[in-house]
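Comments concern the structure below.
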Amino acid sequence: MPSSFRTLRLGLIILLILVGTSLSAGWAMHQAKRQAMETDARRASQQLGLYANALHTLIERYRALPAVLALDPELIAALRGPVTKQVQDALNRKLERINGAANSSTLELLDRTGLAIAASNWRLPTTYVGSNYGFRPYFKQTRSQGSGRFYAVGVTSGVPGYFLASAVDDEQGRFLGAMVVKLEFPELEREWRQGSDILLVSDARGITFIANQDGWRYRELQPLSGADRAELAETRQYDKQPLVPLQHQALTRFTDTSHLTRVQGPDGTAEYLWERLPLEAEGWTLHLLRKPQVAEDGRNAALAAAAVWLSLVFAALFVSQRLRLARLRQRSREELKRQVEERTRELRTAQEGLVQSAKLAALGQMSAALAHEINQPLTTQRMQLETLRLLLDHGRHDEARQALEPLEQMLTRMAALTGHLKTFARNSPGGLRERLDLATVVDQALHLLDTRIRAEGVEVALYLARPAWVRGDAIRLEQVLINLLRNALDAMADKRYKRLEIRIEADDGQWRLSVLDSGGGILATDLCRVFDPFFTTKPVGEGLGLGLAISYGIVVDAGGHLQVENLAGGARFSLTLPRDLETVC
Ligand code: ADP
C-alpha cells in the first residue's frame, strides 16, 4: 500500500473519530439537556400549582368580605340619607376597625356615583375619601352585575392592588353604592422572593402586575392593540406606570404551557424554562421562569457518550487490525511455505548434482590413480616384451615361457582395475538387494586403493570373517568402503605411524565391518556432524563433505547402520548389516 494512501487513510480515521466524538457528545448533551429540562418543567409545573393555590386562597379569603359588609344596615342607611360629618366619621372609624380586624389593605364605601364617602384610610393624606371612582371598571361591573373585581394601581395612593367590590342595595334591590375591599400583595411578593425562580402574574392583556423581582413588573408579554391602550387610558388601570414590552422567543416547546424561552429581561438576555398556569377565576396567568440547571448533567452525558463512542471506535479498530494481521499472517505463512518448497526443490536438485559431481570427482581421482597404476606395468610389460623378443630370437624358448608368466599376471591385475572403475562409474540404481560377501567388497576396495596404500606406506591389518553374507548393492557398498578407507588414509597422511585395521565380525545376527585408523581421530564437537552433508575439515577443493552423508544414506537404505567413535589414537567407523540367513545353508 503506498505511504500517501496510508497517511490519507489514517487522516480519515482520525477525522472520523473526532467528528463522531463531537457528534455523539453533542447529541448526548442535547438529549440529556432536553430530558433534564422536561423533568424540570414537570417539577416547575407542580410548584406553579402551589403558588397559584396560595394566591387563590389569599383572594378567596376576602372575596366574601364586601358582600357581607354590604348587608350592614348602617352602611345602607348612610348611602340612603345625607352623609353628615358625624355619619362619615362614624363610618370611617367603623371601616378602619373592620379593615384592621380583617387584615385587608383598604375598605371603602362608594355611593351610587362612585364617590368614596368613607374609607378605612381616612387618616392618611392619600385617603380615598372624597375621590370619585366611577370610571373604574369594578364600579361599573358592580353597578351592572352586583359585584366587580379589578387589579389597578391606586390613582390616589399610587399603590397597586386588587379591588373586590359588592353592590349595596336597599330592600327593594335598588343600587345604592358599592362596598370595596382592596388587597395588596407585598407579603406574597416577599414570600415568592425566597426562591431563585422568577414569578409573575399577568392580566388578560398579558401585562405583568405582580412580580417577585424588581424590573419585571408592568411588562407587556404580548403587543397591545390600539383598543387595549385606549381602554387602559380610560380605566387608568396602571395609571402613571410606564409599560415596557418584554422581548421573548420560544426555543423549545415541552407542552402548551411550557417552553424553553430566550428572554431579554431586565438583567440581560438569558434562557429560561417558562411555565404558564392560567388562573381561571381571575382571568390572570401565573408565570414561573427558571434558569435551566443542566450544564453538569449535559457535560457528564457528553463525556459518557464520547467515552462510549471512542470505546466502540477503538474496539472496531482493534478487531479490524487483528483481522488484518491474521490475513497478513496467513498470507506470509503461505508465502513462506511456497518459498520453503521452492528452496527444497532447488536444494534437492543441487544435492543431486553434487552427488553426481562428487562421484565424478572420485572417479577423476581414481582415474589418475589408475593411470599411474596402469602406466607402470605397461612400461614394465614393454620392456619384458623386448626381453621376450630377444629370448625368442635367440631360441631360448623355456626362458621366454617363464617371462610370459609375470606379463600375464600384470594383465589380469589391470583388467581387474578397469573392471572396478567401470562398475564404480555406473550410476547404480538404489534399492538393489543382491546377495553379497562383505569380505569381497573389502577386497575390491583395497584393490582400488592399493597403489595409494603402498605409496604412503600404510600398514594394513585384516581380520575378516568370510564369507560374510549380507544383502545389498555391491557397487554402493564398495563406494562406502572406499570412502571410509580414503578418509582414513587422508587422516593418516601426515602421521608417522600409519595403520589401518579392517575387521568383519559377527555380532548378534549382524555383520559388523569396522575400519580403524591411526589418524588421531575426530574432534569431540565434530563427531555428531561428520554425517551432515557438506561437513568437511579438508581444504577447499579437496573435500566436498558429501562422502559420509552419501555413505550413511546407502547403509541405511540397505537396512544397516553406520557409526563413528574415537578409539586408540584414531577414528573407527562401524558398518553393521543384517546377516543374510541363506548363507547358513
Ligand atoms: P570429505 O571427505 O569430502 O571431507 P566426508 O563426508 O567423507 O567428506 O568426511 C567428512 C569429514 O569427516 C572430513 O572432512 C573429516 O573431517 C572427517 N573424517 C572422516 N573420516 C575421518 C577419519 N577416519 N579420521 C578423521 N576425520 C575423519
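This is a predicted model, so every value here is computed, not measured. Start at 1 and go down the list; that is how both ligands and their atoms are numbered. Just so you know, residue 1 is the first one in the sequence shown, and it goes up from there. Side chains included, hydrogens not; waters and symmetry mates left out as well; all remaining heavy atoms used.
- No part of V564 comes within 4.0 Å of ligand 1, judged by heavy-atom distances.
- Short contacts between ligand 1 and D517, defined as distances under 4.0 Å to a heavy atom of the residue, involve ligand atoms 22 (C), 23 (N), 24 (N).
- Taking the six-membered ring where the residue is Trp, Y272 and W216 present perpendicular rings, their angle passing 60° and hence far from 30°.
- Atoms of ligand 1 found under 4.0 Å from any heavy atom of T536, numbered from 1 in the order shown, are 1 (P), 4 (O), 14 (O).
- Close approach of ligand 1 to F535 (heavy-atom distance below 4.0 Å) involves ligand atoms 10 (C), 11 (C).
- At least one heavy atom of F573 sits less than 4.0 Å from an atom of ligand 1.
- Within a 6.0 Å sphere centred on CG of D494, heavy atoms belonging to other residues, nucleotides or ligands number more than 12.
- The heavy-atom pair separating E459 from Y497 by the smallest distance is OE1-CE1, 4.2 Å.
- Taking every heavy atom of A571 and a limit of under 4.0 angstrom, the matching atoms of ligand 1 come to 22 (C), 23 (N), 24 (N).
- The backbone N or O of L221 lies less than 3.5 Å from a partner atom in the side chain of H248, making a donor-acceptor pair.
- The closest approach between a heavy atom of G521 and any atom of ligand 1 is below 4.0 Å.
- Between L523 and T537 the shortest side-chain heavy-atom distance does not fall below 4.5 Å.
- Remark: the backbone N or O of A493 is paired with a side-chain donor or acceptor of K498 at under 3.5 angstrom.
- Only side-chain heavy atoms of N483 come within less than 4.0 Å of ligand 1; its backbone N, CA, C and O stay farther off.
- At a 3.5 angstrom cut-off on N or O pairs, I522 does not count as close to ligand 1.
- Checked for salt-bridge contact, K495 and D517 miss the test: no charged N lies under 4.0 Å from a carboxylate O.
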